[in-house]
Number of protein chains: 4
Amino acid sequence: MQDKKLTRREREKLRHRRQMLVAAIELFSEKGYHNVSMHEIAKRAEFAIGTLYKFFKNKEDLYKALIMEKAAEYHRTLIRALSREGDVLTILKNYISAKAGVFADDVATLRLYFAETQGASFNIKAGLDQDIRKLYDELVEQLASTLEKGIRKNVLRDLNPYYTAVALEGITNAFLFCWLEDPERHSYEANAPVIRDIFLKGVVAE
Amino acid sequence: MQDKKLTRREREKLRHRRQMLVAAIELFSEKGYHNVSMHEIAKRAEFAIGTLYKFFKNKEDLYKALIMEKAAEYHRTLIRALSREGDVLTILKNYISAKAGVFADDVATLRLYFAETQGASFNIKAGLDQDIRKLYDELVEQLASTLEKGIRKNVLRDLNPYYTAVALEGITNAFLFCWLEDPERHSYEANAPVIRDIFLKGVVAE
Amino acid sequence: MQDKKLTRREREKLRHRRQMLVAAIELFSEKGYHNVSMHEIAKRAEFAIGTLYKFFKNKEDLYKALIMEKAAEYHRTLIRALSREGDVLTILKNYISAKAGVFADDVATLRLYFAETQGASFNIKAGLDQDIRKLYDELVEQLASTLEKGIRKNVLRDLNPYYTAVALEGITNAFLFCWLEDPERHSYEANAPVIRDIFLKGVVAE
Amino acid sequence: MQDKKLTRREREKLRHRRQMLVAAIELFSEKGYHNVSMHEIAKRAEFAIGTLYKFFKNKEDLYKALIMEKAAEYHRTLIRALSREGDVLTILKNYISAKAGVFADDVATLRLYFAETQGASFNIKAGLDQDIRKLYDELVEQLASTLEKGIRKNVLRDLNPYYTAVALEGITNAFLFCWLEDPERHSYEANAPVIRDIFLKGVVAE
DNA sequence: TATGAATGAGGGTTCATTCAT
DNA sequence: TATGAATGAACCCTCATTCAT
């Protein structure tokens, strides 16, 4: 966050690290973890292979760092959207919109995130699975507790909050996926109202 | 389909092929495409490596055959559910239930199917993506046209049929995924009513 | 031992294994474990690198197999020499001669054996050290017990049998080493009488 | 030798060099030449890698410097022991004792020295072999000439002086090796009388 | 036809060494 | 002079695929 107090050397190092991560995200997102070699990443980042290994212990480590940094940011944003003051319906609307924001200009990362969370990832890195799932579970719980609040206030119908959260996730991710597959045709932002329309109509009381 | 008219030789061959595919599904589903070797598959199927290659041109071919056979069956079942006579709401209810039926006792294949369709699969086999997506698109179109029928008959609200179909897919897949991750805790069948409740409430007119 | 009952395939496999070990011994002996690559060994043995790995799990495994096979043979021969019937002095003379026999036409292996046992080997393979040392310790114990017999019979002076065994090993190995360094100048066989002369004179009673 | 006339700068430099060599000896002795990296040595010596290379042209150079300095000291001590005035038997007794003195409190270096001289060292540095062997050969020659003197004076039996020297080296090294492997159990100093007993009994006249 | 030994390209990783600061 | 980031050759090993039997 605060690069200010770093020496020039340290700032350079951080910049280099970021360059490597950018190259890696691009390649992993284009071709998938197993179809990208460390040499390829190094080349794209314009560093020698040895330099790459100075920054990341090994390929799995690099991948994990990359995924976890992005996932943490994503979840932080969404948790924040759910934590804001206000009535439940507004919070849910904001939440639906916020989902687009995080990856707005970063389809590559979204692809990776989906590959990891939706696609029955196969333990690329032992532990990554667990770590990322923990984040995801936290998010769903938070969403469920928001929904529960709405139910208690009779704003929402009396549905199982957990499964309602799952349903909302399902819908929003489906639209994100549409956008991912063909960003020209399917704008997530433009479709957010559709999501709200269907989902909220399905869950609000009365 | 019709093993009857085949010679014993041909029947044997088909049986062997099936044995290989079963071994492959198990392994791919446990460990993912890139973490399974052809030798491993051959061994599990109790054939020599050379024999495996007599049946499948290469690893990608084997994988594609496997995925496409299952996907075709899956889509056939769902398309059939959508093609039945009857009122739209009943069709939709049946459709939601049918989704569970296909993979009822075959989590392994479901995992693979999800990895391939939800998880931003990375062109394991050039072309597989296209082929499977074509099936999927057909399904969504068919679903959309069913919904459209409902809209025309004023059974459903006037929503964009395509995106409504996307939303339904999103919800049902989310529940399938829950089941996949923890079959003990999250029975898809038991949750089908929740899906209907939320989704149909969201889309039916009045 | 008994190749007779093996199929042709199996005999071929054994022959190939032997060819690989021969290539490996030559190279390791010329340049040392760390200065020889698996590719080099494969090339010298006229096999592809992958074939080498079909026979040996990894480089350490190959090395260990090689060393242990030779060491076992060496120790078997010497133990046999010590186990023969007869008076102690004859046994010792035979033992001294036998030391040459094993490596008579295989300087390469002797070099490796010395590197491993005399040269403070640095655990090329965890466990190799232990395994080979166990063999060596057995040998020294056996030698010590032979000497002890001689002492009890008053054929030898009353010396500590273990350290006397160590001394004999030291002398014989020193001569083997001479031969190893310059086989033309220092024949072990020709020098065996010198060893007997000095050592036996030093230890016999009277 | 003479640090006195050196400037502070030069004295510092020498101290640094010594620190590096100490770190290197420890590591090489623990793990062997090939299992120690230059970075490791630099770190242990608490210098930057670049600084290490200011002092030693490369890894081989560092190793050679280290080995040769120790070897030179060792041989100097032994040659001195052989050069003293006095009767041959006393000289030999002193020589046997002196062998322990050099490495008395430096097992690390002894390990390296043995790895290099007994263990069929594999030309870690082209030339090191030759250089160290030259020292060794000088020592054996000197020892042989001492023995020859004894033979001429009829103090020793009429044996080949060179091979007798080889035998003495063999015995003493075997005991040093015992001590090296298990310093608790096998004290070289305590065993020196055994060596003298066996060896001298074997070589003295009458 | 079924077999499995053999192949070798290619990938992950290490580490001695250099050089700009 | 001391530093340590950067380099890239070279190594170990895997595995999809072929082909003689």
Side-chain angles (χ1 to χ4, degrees), chain A residues 7-10 12-13 16-17 20 34-43 45-62, chain B residues 9 12-13 16 33-43 46-63, chain C residues 7-10 12-13 16-17 20 34-43 45-62, chain D residues 9 12-13 16 33-43 46-63:
Chain A
T7 64
R8 192 182 47 70
R9 265 261 173 88
E10 287 166 325
E12 280 248 297
K13 242 184 128 169
H16 291 177
R17 193 188 135 97
M20 289 172 192
H34 290 286
N35 300 312
V36 172
S37 76
M38 289 297 268
H39 271 98
E40 230 173 326
I41 297 172
K43 200 172 177 187
E46 297 184 281
F47 285 100
I49 182 71
T51 312
L52 193 54
Y53 276 91
K54 281 281 194 303
F55 283 78
F56 305 95
K57 211 174 77 237
N58 52 40
K59 192 181 177 185
E60 291 183 349
D61 207 55
L62 163 57
Chain B
R9 261 279 172 65
E12 280 250 296
K13 239 184 122 170
H16 290 177
Y33 181 79
H34 290 285
N35 300 313
V36 172
S37 74
M38 289 297 267
H39 269 99
E40 228 173 328
I41 297 171
K43 199 173 177 190
E46 298 183 280
F47 286 99
I49 183 71
T51 312
L52 192 56
Y53 274 88
K54 283 279 191 299
F55 283 78
F56 304 96
K57 211 175 79 231
N58 53 39
K59 191 181 178 184
E60 293 182 347
D61 207 54
L62 162 58
Y63 187 74
Chain C
T7 65
R8 193 182 47 67
R9 265 263 172 89
E10 287 166 325
E12 279 248 298
K13 243 184 127 170
H16 291 176
R17 192 188 135 98
M20 290 172 191
H34 290 285
N35 299 312
V36 172
S37 76
M38 289 298 267
H39 269 99
E40 227 173 328
I41 297 171
K43 200 172 177 191
E46 297 183 282
F47 285 100
I49 182 73
T51 311
L52 195 53
Y53 277 92
K54 281 280 192 307
F55 284 78
F56 303 96
K57 213 175 76 236
N58 53 40
K59 193 181 176 184
E60 292 183 348
D61 206 55
L62 163 57
Chain D
R9 263 276 173 69
E12 279 249 299
K13 238 181 123 172
H16 289 177
Y33 181 79
H34 290 285
N35 300 312
V36 172
S37 75
M38 290 297 268
H39 270 100
E40 227 173 329
I41 296 171
K43 199 174 178 190
E46 296 183 281
F47 286 99
I49 183 71
T51 313
L52 192 55
Y53 275 89
K54 283 281 193 297
F55 282 78
F56 303 96
K57 210 175 80 232
N58 53 39
K59 192 181 178 184
E60 293 181 346
D61 207 54
L62 162 57
Y63 187 74

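Proteins get letters first, then strands, A, B, ... in listed order; numbering begins at 1 in each. Just so it is clear, the values below take in all heavy atoms, side chains as well, and ignore hydrogens, waters and symmetry mates.
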Given atom CD of E10(A) and atom P of dT3(F), what is their separation to the nearest angstrom? 17 Å
Hey, does the side chain of T51(C) come within less than 4.0 Å of dA5(E)'s phosphate (OP1/OP2), counting only N and O? no
Identify, with sequence neighbours excluded, every residue that meets side chain to side chain donor-acceptor pair (under 3.5 Å) alongside R9(A). none
Can you tell me the distance, in whole Å, between the CD atom of E40(B) and the C1' atom of dG4(E)? 17 Å
Candidate nucleotides dC15(F), dT3(F), dG12(E), ranked by approach to the side chain of M38(A) - the nearest: dG12(E)
Residue N58(C), side-chain heavy atoms: nucleotide from dT17(F), dA6(F), dC13(F) that is nearest: dC13(F)
Atom pair distance, as rounded to whole Å: NZ in K57(C) and P in dC13(F): 10 Å
N/O contacts under 3.5 Å, protein versus nucleotides 19-21 of chain E?
{"residue": "dT21(E)", "atom": "O3'", "partner": "R8(A)", "partner atom": "NH2", "Å": "3.3"}

For Y53(A), what residues pass the ring pair (Phe, Tyr, Trp, His ring centres under 6.0 Å) criterion, not counting sequence neighbours? none
By ring pair (Phe, Tyr, Trp, His ring centres under 6.0 Å), F55(A) pairs with (sequence neighbours left out) none
Separation of atom CD in E60(D) from atom C1' in dC15(E), rounded to whole Å: 14 Å
Separation of I49(A) atom CD1 from dT14(E) atom P, in whole Å? 11 Å
In terms of the nearest nucleotide of DNA chain E, which residue is placed more toward the 5' end: S37(D) or K13(B)? K13(B)
By ring pair (Phe, Tyr, Trp, His ring centres under 6.0 Å) - contacts of F56(D) (at least two apart): none
Can you list the residues that meet the side-chain contact (heavy atoms from CB on, under 4.5 Å) rule with E40(B), with sequence neighbours excluded? L27(B), K31(B), V36(B), S37(B)
Is there a side-chain contact between H39(C) and the phosphate of dC11(F), meaning an N or O under 4.0 Å from OP1 or OP2? no
Using whole Å, what does the distance between atom P of nucleotide dA6(E) and atom CZ of R17(C) come to? 13 Å
What integer distance in Å separates K43(A):NZ from dG11(E):P? 12 Å
Give each stem of DNA chain E as a range with a range, requiring at least 3 consecutive Watson-Crick or G-U wobble pairs whose two distances are under 3.5 Å. E:2-21 with F:2-21
Is the closest side-chain heavy-atom distance between K59(C) and I41(C) below 4.5 Å? no
Would you compute the distance between atom CD of E46(B) and atom NE2 of H16(B) and round it to the nearest 0.5 angstrom? 11.0 Å
Whole angstrom is fine here: how far is it from CG in D61(B) over to P in dT17(F)? 10 Å
Which part of the nucleic acid, if any, lies within contact of F55(A), taking any heavy atom under 4.0 Å across all strands shown: a base, the sugar-phosphate backbone alone, or nothing? sugar-phosphate
Would you sort out whether L62(A) and M38(A) count as a side-chain contact (heavy atoms from CB on, under 4.5 Å), showing the intermediate values? CA-CA 10 Å; L62(A) 163 57; M38(A) 289 297 268; 4.0 Å; yes
In chain order, what residues pass the side-chain contact (heavy atoms from CB on, under 4.5 Å) check against R8(C), with sequence neighbours excluded? R11(C), E12(C)
